Novice: 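My structure is below; once you've seen it, I'll send some questions.
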Amino acid sequence: MTGAILSIQSAVAYGHVGNSAAVFPLQRLGMEVWPVDTVQFSNHPGYGGRTGQVFTGEHVRDVVAGIAARGVLGGCRAVLSGYLGDPAVGEAVLDAVALVREANPAALYCCDPVIGDAGPGIYVQQDIPALLRDCVLPQANIATPNQFELELLTGLSVTTLAEAKVAAAALRSTMQPGACVLVTSLAVADTPDECIDLMAADPVGTWRLRTPRLPIAANGTGDTIAALFLLHSLRTRSTALALAEAASALFGLLSRTLEAGSRELLTVAAQDEFVSPSRRFTAEAA
């Protein structure tokens with residue numbers, strides 16, 4: 001596939017979260033990636049300590065402007081964003097999306113609206129959820145919230161598949177025309193305890209994919225699947241196929257990581273899972 005993805009996310013030297021989780025899988029699948037880092041840390045904060053710097057919104061704008069000065073934004077197929085450490089970075093992401101769309105109106109914007117999760121709750125600055133809901137997601141073509149984030153962004157309870165479909169439709173209605181929502185880490189009333197669901201919805205329909213629940217909680221899984229889902233959406237133009245490809249690859253990555261007993265995703269060692277997953281799952285109409 002020709003073109004590139006502009007990925008604006010955090011980065012760590014050790015481990016795989018943010019751009020450090022998203023860039024290599026995209027490259028392994030043959031996609032050119034232009035990573036713009038919003039932070040450069042030694043490792044993710046889960047270790048209880050880290051070193052490094054948080055970059056400003058102006059820094060992000062400056063790097064994107066430098067890319068634009070090369071005259072290449074017309075070849076940008078999509079913008080991908082994840083964790084926003086500061087509202088100013090969110091505004092810089094929106095500026096980048098506008099620049100890319102000016103050069104290529106067909107470019108997509110995939111927003112992973114990182115806010116929190118059911119266990120730890122909200123773990124971003126207090127202004128970030130409203131910024132995502134009111135300013136960032138309305139510009140997005142694809143959103144990849146987890147179940148907790150879907151509830152928070154829509155104000156709707158998600159305890160059944162029917163409620164998940166209503167909430168996804170509500171979120172889609174605030175986004176760009178024809179938008180798609182991928183809901184990760186979905187566990188509703190009919191999800192067996194030993195399984196975990198993903199659900200994707202677009203104007204054509206809604207699909208659910210179920211995998212075994214693996215006893216692993218590795219950082220960076222959301223960053224990885226957002227990148228994979230975006231790429232396969234670009235390639236297949238099918239939400240159902242993109243869901244199946246992304247989920248199968250992630251399951252293979254997590255399985256290999258679990259087998260190795262690694263705290264960090266084996267993004268490099270298990271790279272063949274991105275190209276040819278060892279176990280394939282199918283998305284079913286929901």
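Here the structure is a predicted model, which means the values were calculated and not measured.
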Novice: Not counting sequence neighbours, which residues clear side-chain contact (heavy atoms from CB on, under 4.5 Å) with A201? List them please.
Specialist: A168, R172, T206
Novice: For residues 2-15, run the donor-acceptor check on the side chains, cut-off 3.5 Å, and write out each pair with its distance to 0.1 Å, sequence neighbours left out.
Specialist:
| from | atom 1 | to | atom 2 | distance (Å) |
| --- | --- | --- | --- | --- |
| S7 | OG | Q9 | NE2 | 3.1 |
| S7 | OG | N19 | OD1 | 2.6 |

Novice: Excluding sequence neighbours, so at least two apart, what forms salt bridge (charged side-chain N to carboxylate O under 4.0 Å, His left out) with R210?
Specialist: D197
Novice: By the side-chain hydrogen bond (donor to acceptor under 3.5 Å, both in side chains) test, which pairs, at least two apart or in different chains, include something from residues 258-271?
Specialist: R28-Q271, H44-E264, Y47-E264
Novice: With sequence neighbours left out, what residues match R213 under salt bridge (charged side-chain N to carboxylate O under 4.0 Å, His left out)?
Specialist: none
Novice: From D112 CG over to I142 CD1, what is the distance, rounded to the nearest 0.5 angstrom?
Specialist: 11.5 Å
Novice: Just wondering, more than 12 heavy atoms not from Q126 lying within 6.0 Å of its CD?
Specialist: no
Novice: For residues 55-67, which residue pairs pass the side-chain hydrogen bond (donor to acceptor under 3.5 Å, both in side chains) check, not counting sequence neighbours?
Specialist: E58-R61, R61-D95
Novice: Tell me every residue that passes side-chain contact (heavy atoms from CB on, under 4.5 Å) with S42, counting only those two or more places apart in sequence or in another chain.
Specialist: R50, T51
Novice: Going by salt bridge (charged side-chain N to carboxylate O under 4.0 Å, His left out), name the residues that satisfy it together with D117, two or more places apart in sequence or in a different chain.
Specialist: none
Novice: Kindly write out the residues that satisfy salt bridge (charged side-chain N to carboxylate O under 4.0 Å, His left out) with R133, not counting sequence neighbours, or none if the list is empty.
Specialist: none
Novice: Could you tell me if the side chain of Q139 sits less than 4.5 Å from the side chain of M175, heavy atoms only?
Specialist: no
Novice: Taking ring-ring contact (aromatic ring centres under 6.0 Å, His included) as the definition, give me every residue that meets it alongside Y83, ordered by chain and number, with sequence neighbours left out.
Specialist: none
Novice: Say whether L243 and V204 are linked into one hydrophobic cluster, either directly or through other cluster members, by side-chain heavy-atom distances under 4.5 angstrom.
Specialist: yes
Novice: Using the test side-chain contact (heavy atoms from CB on, under 4.5 Å), find all partners of S278 that sit at least two apart in sequence or belong to another chain.
Specialist: E273
Novice: Which residues satisfy the side-chain contact (heavy atoms from CB on, under 4.5 Å) test with T174, sequence neighbours excluded?
Specialist: L171
